[in-house]
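A quick note: this is a predicted structure, and the numbers were derived from the prediction, not measured.
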Amino acid sequence: MPLARKPMPPSSFIMTTIRHQAGEAATVASSAAAATATDRAALVKAFDETRTGVRGLVESGVSAVPDIFRHPDPYASVPLAPPGVSIPVVDLSLPAPLAAEAAAGAAREWGFFYLVNHHDLVPPGFTDGLLAATRAFHELPAAERAAHYGRSVDGGVDYFSNFDLYRSGAASWRDTIKVTFGPSRPDTGRIPAACRAEVVGWDAHATAVARAVMALLCEGLGLRGETLEEASCLEGRVMVCHYYPVCPEPERTMGIVPHTDPVVLTILAQDGVGGLQVKHTNEDGESYWVDAKPVPGALMINVGDLLQIMSNDKYKSVEHRVVMNSHEEARVSSAIFYNPGKRGDSVFYGPLPELVSSENPPKYRNFTMPEFLGTFFKRELASNALIEHFKI
């Protein structure tokens with residue numbers, strides 16, 4: 001178990017915020033930008049040192065979103081979808097060829113789909129228990145949560161707020177438990193006891209789902225169903241269990257900024273609160289945000305950047321975000337990201353050879369996983385240039 005460490009009271013962060021927001025009236029214009037950056041760095045550090053995340057701010061009674069979480073006009077850029085537009089559904093109970101056709105069509109046109117009738121792989125009610133256990137941990141007393149707080153802690157288990165907190169222009173209203181299940185196994189004893197059994201079980205059940213979905217997507221490309229699994233795409237697994245606290249000013253911040261996932265495939269379980277939105281561009285070139293409304297018993301599947309590259313643009317990785325809601329209940333979700341587990345300097349990834357020809361040349365260069373992931377982690381989450389970095 002992690003060593004207990006006394007959290008800095010959230011009130012200390014609030015007082016630091018007040019001091020910095022008061023500012024220094026005598027600051028000259030030429031140094032204003034540098035002063036702002038310095039102030040922000042101090043505020044971020046003060047917040048992180050509370051070790052209680054955004055939940056700690058809510059527990060302290062904040063009535064306004066602190067400056068480090070404020071996004072400039074976060075919801076103005078792209079309109080919401082017109083009525084009747086919805087994300088596709090793939091039914092695992094269909095005959096395999098029909099399920100493969102449906103999954104491939106959704107991956108080509110949307111990059112996202114709901115997966116239903118997966119109960120041979122995930123026991124009924126399991127994800128409800130997982131999400132309840134995730135909520136239970138995030139709503140423990142501050143001192144108990146703080147004992148687990150840290151970034152890049154040994155053992156493959158972390159609890160923190162915003163993995164890019166020190167790089168992003170504005171933080172998001174979200175706390176996270178992250179467990180790296182592969183390619184190296186984590187020290188499961190470091191997973192908080194409140195959700196340990198559910199998290200370990202979710203890794204096994206979700207991986208069975210991922211194996212089935214990858215097979216469908218391979219078959220939809222005319223490949224053998226085992227192609228992605230043989231490329232070790234089930235072996236690199238990172239689970240995140242997100243908690244989005246109730247927000248006093250939901251119009252001023254975001255749960256997660258618009259981004260794509262730097263992975264092969266993502267499998268998501270979400271509660272009934274909602275907030276996930278997917279960016280879709282229709283046949284006329286019009287783009288809008290579509291609500292990924294919670295569907296009881298359904299999992300959400302999305303194509304990641306690496307699968308877009310490996311499919312040579314047959315499948316697409318699309319932007320998605322989490323908007324803040326006006327519910328009086330926090331939102332909880334859990335995602336597992338799948339990537340190749342073979343990560344040596346002589347193991348290269350790029351468009352699958354079976355999908356490349358003189359008529360369909362590769363659109364991306366080959367690269368190693370250390371280069372791919374290193375490129376991602378040098379950027380803030382909102383950067384959309386990861387795929388562009390590898391284009392030929």
Side-chain angles (χ1 to χ4, degrees), residues 87-90 94-113 115 210-236 259-266 278-287 301-320 337-376 383-392:
I87 295 168
V89 176
V90 174
L94 291 172
L98 294 180
E101 182 181 358
R108 286 188 174 96
E109 299 300 322
W110 281 81
F112 265 80
F113 55 88
L115 188 73
R211 178 176 290 108
V213 171
M214 286 185 189
L216 294 178
L217 293 173
C218 286
E219 290 162 11
L221 292 171
L223 305 173
R224 292 182 305 107
E226 303 79 16
T227 301
L228 289 173
E229 183 172 0
E230 289 174 354
S232 76
C233 292
L234 288 171
E235 296 175 16
H259 67 286
T260 58
D261 292 346
V263 301
V264 173
L265 195 73
T266 301
V278 175
K279 190 175 182 180
H280 179 62
T281 302
N282 65 19
E283 293 177 353
D284 297 325
E286 299 170 319
S287 294
I301 311 294
N302 69 275
V303 172
D305 295 338
L306 188 49
L307 184 51
Q308 176 169 333
I309 291 171
M310 295 175 79
S311 71
N312 209 30
D313 281 353
K314 293 288 192 301
Y315 296 151
K316 61 183 179 181
S317 175
V318 302
E319 282 187 287
H320 48 289
F337 305 113
Y338 291 88
N339 259 330
K342 294 179 180 177
R343 300 185 176 182
D345 289 337
S346 61
V347 181
F348 289 87
Y349 298 90
L352 292 167
E354 301 95 323
L355 302 179
V356 173
S357 65
S358 56
E359 294 77 24
N360 186 35
K363 296 177 172 62
Y364 302 92
R365 64 175 177 85
N366 290 340
F367 48 83
T368 64
M369 283 305 296
E371 181 188 5
F372 181 77
L373 295 174
T375 301
F376 170 74
S383 172
N384 296 318
L386 183 60
I387 282 182
E388 297 298 321
H389 181 83
F390 298 100
K391 275 192 172 178
I392 294 176

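- Looking at heavy atoms from C-beta onward, Y349 lies out of side-chain contact with T368 at the 4.5 angstrom threshold.
- The distance from the CG atom of D305 to the CD atom of E388 is 10.5 Å, given to the nearest 0.5 Å.
- With hydrogens and angles disregarded, a donor-acceptor distance shorter than 3.5 Å links the side chain of N312 to the backbone of P361.
- Here the side chain of H259 pairs a donor or acceptor atom with the backbone of H320 at under 3.5 angstrom.
- Distance check, rounded to the nearest 0.5 Å: CG of L221 to OH of Y315 gives 3.5 Å.
- A distance of 8.0 Å separates CG in N302 from CZ in F337, rounded to the nearest 0.5 Å.
- No more than 12 heavy-atom neighbours from other residues, nucleotides or ligands sit within 6.0 angstrom of CD on E109.
- Of the residues E219, E354, E230, the one that meets the side-chain hydrogen bond (donor to acceptor under 3.5 Å, both in side chains) test with R224 is E230.
- With contacts defined as side-chain heavy-atom distances shorter than 4.5 Å, the pair V263/L306 does not qualify.
- The one candidate from L217, D261, T266 that meets the side-chain contact (heavy atoms from CB on, under 4.5 Å) condition with L307 is L217.
- Residues Q308 and T260 fail the side-chain proximity criterion, which asks for heavy atoms closer than 4.5 Å.
- At a threshold of 4.5 Å between non-hydrogen side-chain atoms, the residues V213 and F113 count as touching.
- A donor-acceptor contact shorter than 3.5 Å is absent between the side chain of D284 and the backbone of E286.
- More than 12 heavy-atom neighbours from other residues, nucleotides or ligands sit within 6.0 angstrom of CD on E371.
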Go through it in stages, so that I can follow the logic: the residues are R211 and L234, the test is side chain to side chain contact (heavy atoms under 4.5 Å, CB included), and I'd like the CA-CA distance, side-chain angles, deciding distance and then a yes or no. CA-CA 7 Å; R211 178 176 290 108; L234 288 171; 3.8 Å; yes
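- In terms of heavy atoms, P340 sits closest to A231 at CB-O, 3.9 Å.
- For the pair M310 and V264, the minimum side-chain heavy-atom distance is below 4.5 Å.
- You'll find the ring centres of Y364 and F390 outside the 6.0 Å limit.
- The shortest distance between side-chain heavy atoms of P362 and I392 falls below 4.5 Å.
- The two residues L216 and A96 make their nearest non-hydrogen contact at CD2-O, 4.0 Å.
- Distance NZ/K363 to NZ/K391: 9.0 Å, rounded to 0.5 Å.
- When all heavy atoms of P351 and V356 are compared, the closest pair comes out as CB-CG2, 3.8 Å.
- Between the side chain of N360 and the main chain of L355, a donor-acceptor pair closer than 3.5 Å is present.
- Nearest heavy atom pair, residue P262 against residue L373, reads O-CD2, 4.3 Å.
- For the pair G350 and F367, the tightest heavy-atom approach, listed with the atom from each and the gap, is CA-CE2, 4.4 Å.
- Here the closest heavy-atom approach between residue L386 and residue F376 is recorded as CD1-N, 3.9 Å.
- Residue pairs meeting the side-chain hydrogen bond (donor to acceptor under 3.5 Å, both in side chains) criterion with at least one partner in residues 337-348, sequence neighbours excluded, are T207-Y338.
- The closest side-chain heavy-atom distance from T281 to V318 is not below 4.5 Å.
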